[in-house]
Amino acid sequence: MAGSPGSAGLVLVLNSGSSSVKYALVDPDTGERPLSGQAENIGASGGSYHDALTRILGHLDDRGHVDLAGAGHRVVHGGERFSDSVLVDDEVLDAIRSFSRLAPLHNPASLAGIEAVAQVRPGLPQVAVFDTAFHQTMPPAAYRYAVPQEWYTRHAVRRYGFHGTSYRFVSERAAALLGHPPAGHPPAGHPPAGHPSAGHPSAGHPSVGHPSAGHPSAALRLVVAHLGNGCSAAAISGGRSVDTTMGLTPMEGLVMGTRSGDVDPGLLGYLAEQTGRGAADLTDALDTRSGLLGLSGTSNDMRTISEAAERGDERAGLALDVFVHRLAKAVAGLTASLGGLDALVFTAGIGENSVLVRSRVLARLGFLGLAEDPAANAAHGQTSGGRISLPGPVQALVVPTDEELMIARDTARLVSAER
Ligand code: ADP
């Protein structure tokens, strides 16, 4: 069983991109990582995935006997087919291949990684963990675009959402920090703050407030903002995704490092007319030269933007303003999708580290019942069980994400269930 320490073995977690393979050897029980690294210059312009995996597995052999339970792969697109992680077989490989049209840069790299492991270590169980899977619980009202029906039926045009592995990890952790199982029914003897029997919540109260006060068994309603190089936010009710900001591709929604997020779709035809440039060229500009980089003209990195804005750089200041404006609007929209909010959770590079972004977003969302605790926010919630808000009807938390650990746990779970 995966639950007994050590017995499940270690998991090789692989994230195969178009030009690199990130790898980590992860203990699914403890989260320890005895080995991790990145192989560069792979793919079209460099070496093969097979050579990279031979080297990576060679590093493992150098360490003597490693009890490897399996390999877990991050796969970007699982289409409508995969709502959970799966053991890889030929049929799963075919399905991942069929979704390459939806993720032309990412899925072929994942396939190459899986095939390389199969060649270098035949018989090693492999698991695919999809960025899209967690969002398969979204209702049609959230995932359908108002476009001609055959775009959906023939071309699979719908909203899928991404960062699902991170959302699963962070929402489970947030529920635990809040003392509230995701689906409701907080543990006996832990009356939630705000519940009639709990008295008044106070600063530093160990249980970080309760959701729907007066409805202790109600589903926990979270908005999680995953703010990394790619940024998205998701509405999670009772541990299930009900809405998210990314769509058919990871370009929809929030402002990101180099991606525009939402724009008027009419902009493409207008610019094609004005500039004579084609769809692929314009889409590339929205993907790689927009976002914080496009607005600031200098950087896609939130640290650089924040420092420049504080020095009075106007374009960096505007980039930050647009980023915060769009994020605050998205959180309010996702709150409507949930029918109310118990906690707003920040994660990933910007979410875990930017006191400024969190502070400015919370300042915009006072009307939802959120209020920043400046000292707790400055400490990234590290001394307050993740909490960065003052006691009130809605909490704000910082919860570091760990997608590698989630992939390792899924792999151990599926491999041990198969045995
Ligand atoms: P990825 O999506 O590639 O995993 P990360 O989650 O590491 O990326 O997030 C990268 C982003 O986090 C960058 O915009 C970076 O500027 C931002 N970031 C990291 N540390 C800080 C910090 N101390 N303050 C503000 N932003 C930060």
Side-chain angles (χ1 to χ4, degrees), residues 13-24 26 33 36-38 40 74-76 103 105-106 109 129 131-132 161-170 173 224-234 244-246 249-261 287-311 313 315-317 319-324 326-327 345-362 372 374 377-382 388 398-407:
V13 175
L14 293 165
N15 184 351
S16 302
S18 52
S19 66
S20 70
V21 177
K22 281 191 199 128
Y23 61 92
V26 182
R33 261 143 267 207
S36 65
Q38 183 157 341
E40 308 273 2
R74 177 198 177 205
V75 181
V76 166
L105 293 179
H106 292 102
V129 179
D131 279 14
T132 51
F162 298 88
H163 292 139
T165 310
S166 175
Y167 287 128
R168 201 150 47 93
F169 183 88
V170 169
R173 180 88 189 110
V224 180
H226 176 111
L227 310 173
N229 281 309
C231 299
S232 73
T244 190
T245 57
M246 282 180 173
T249 75
M251 289 175 65
E252 187 178 340
L254 304 176
V255 173
M256 316 184 202
T258 63
R259 291 178 221 150
S260 60
D287 199 24
T288 64
R289 289 187 283 123
S290 299
L292 295 175
L293 177 64
L295 283 165
S296 70
T298 49
S299 177
N300 64 333
D301 189 305
M302 184 53 91
R303 266 167 304 203
T304 312
I305 298 290
S306 302
E307 284 157 18
E310 277 171 359
R311 283 196 311 270
D313 181 308
R315 285 183 67 183
L320 189 59
D321 288 348
V322 177
F323 185 92
V324 168
R326 295 268 292 277
L327 177 54
V345 186
F346 293 92
T347 194
I350 299 170
E352 292 167 29
N353 295 297
S354 177
V355 179
L356 178 66
V357 166
R358 293 192 305 251
S359 175
R360 293 208 31 201
V361 170
L362 292 177
E372 178 193 1
N377 187 30
H380 308 295
Q382 281 167 6
I388 59 167
V398 175
V399 175
T401 191
D402 194 343
E403 290 157 286
E404 281 177 356
L405 179 55
M406 203 73 207
I407 293 172

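Counting starts at 1 for both ligands and their atoms, in listed order. What you are looking at is a predicted structure, and each value in this text was computed from that prediction instead of being measured. Numbers for residues simply follow the sequence, beginning at 1.
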Among Val224, Val399, Val361, the one residue meeting side-chain contact (heavy atoms from CB on, under 4.5 Å) with Phe346
Val361

Mark whether atom 4 (O) of ligand 1 lies under 4.0 angstrom from at least one protein heavy atom.
no

Between Ser359 and Glu372, do the side chains contain a donor N or O and an acceptor N or O under 3.5 Å apart?
yes

Here the atoms of ligand 1 under 4.0 Å from any heavy atom belonging to Ala348 are 6 (O)

Could you work out, for atom 17 (C) of ligand 1, the closest of Asn229, Leu292, Ile350 by heavy-atom distance?
Ile350

Short question: side chain of Arg74, backbone of Ile407 - any donor-acceptor pair under 3.5 Å?
no

Please say whether Gly228 places an N or O atom under 3.5 Å from an N or O atom belonging to ligand 1.
no

Look at atom 16 (O) of ligand 1 and say which protein heavy atom is nearest, naming residue and atom and giving the distance to 0.1 Å.
Asp301 OD1, 2.3 Å

Would you call the rings of His226 and Tyr167 parallel, tilted or perpendicular, where under 30° means parallel and over 60° means perpendicular?
perpendicular

When you check the side-chain N and O atoms of Thr347 and Glu352, is any donor under 3.5 Å from an acceptor?
yes

What about His226: any of its N or O atoms under 3.5 Å from an N or O on ligand 1?
no

Tell me yes or no: between the side chains of Arg358 and His380, is some donor less than 3.5 Å from an acceptor?
yes

For the 3.5 Å polar cut-off, considering only N or O atoms, please tell me whether Leu227 and ligand 1 meet it.
no

List ligand 1 atoms under 4.0 Å from Ser354, heavy atoms only on the residue side.
25 (C)

What is the closest protein heavy atom to atom 24 (N) of ligand 1, and at what distance does it sit?
Arg303 CG, 3.5 Å

Closest to atom 21 (C) of ligand 1 among protein heavy atoms sits Asn353 CB, 3.4 Å

Under 3.5 Å: donor-acceptor pair, side chain of Asn353, backbone of Gly349
yes

Residue, atom name and distance, where the atom is the protein heavy atom closest to atom 14 (O) of ligand 1:
Met302 N, 3.3 Å

To the nearest 0.1 Å, how far is atom 6 (O) of ligand 1 from its closest protein heavy atom, and which atom is that?
Gly349 N, 2.9 Å

Please determine whether a side-chain nitrogen of the Lys or Arg among Asp321 and Arg360 lies less than 4.0 Å from a carboxylate oxygen of the Asp or Glu.
yes

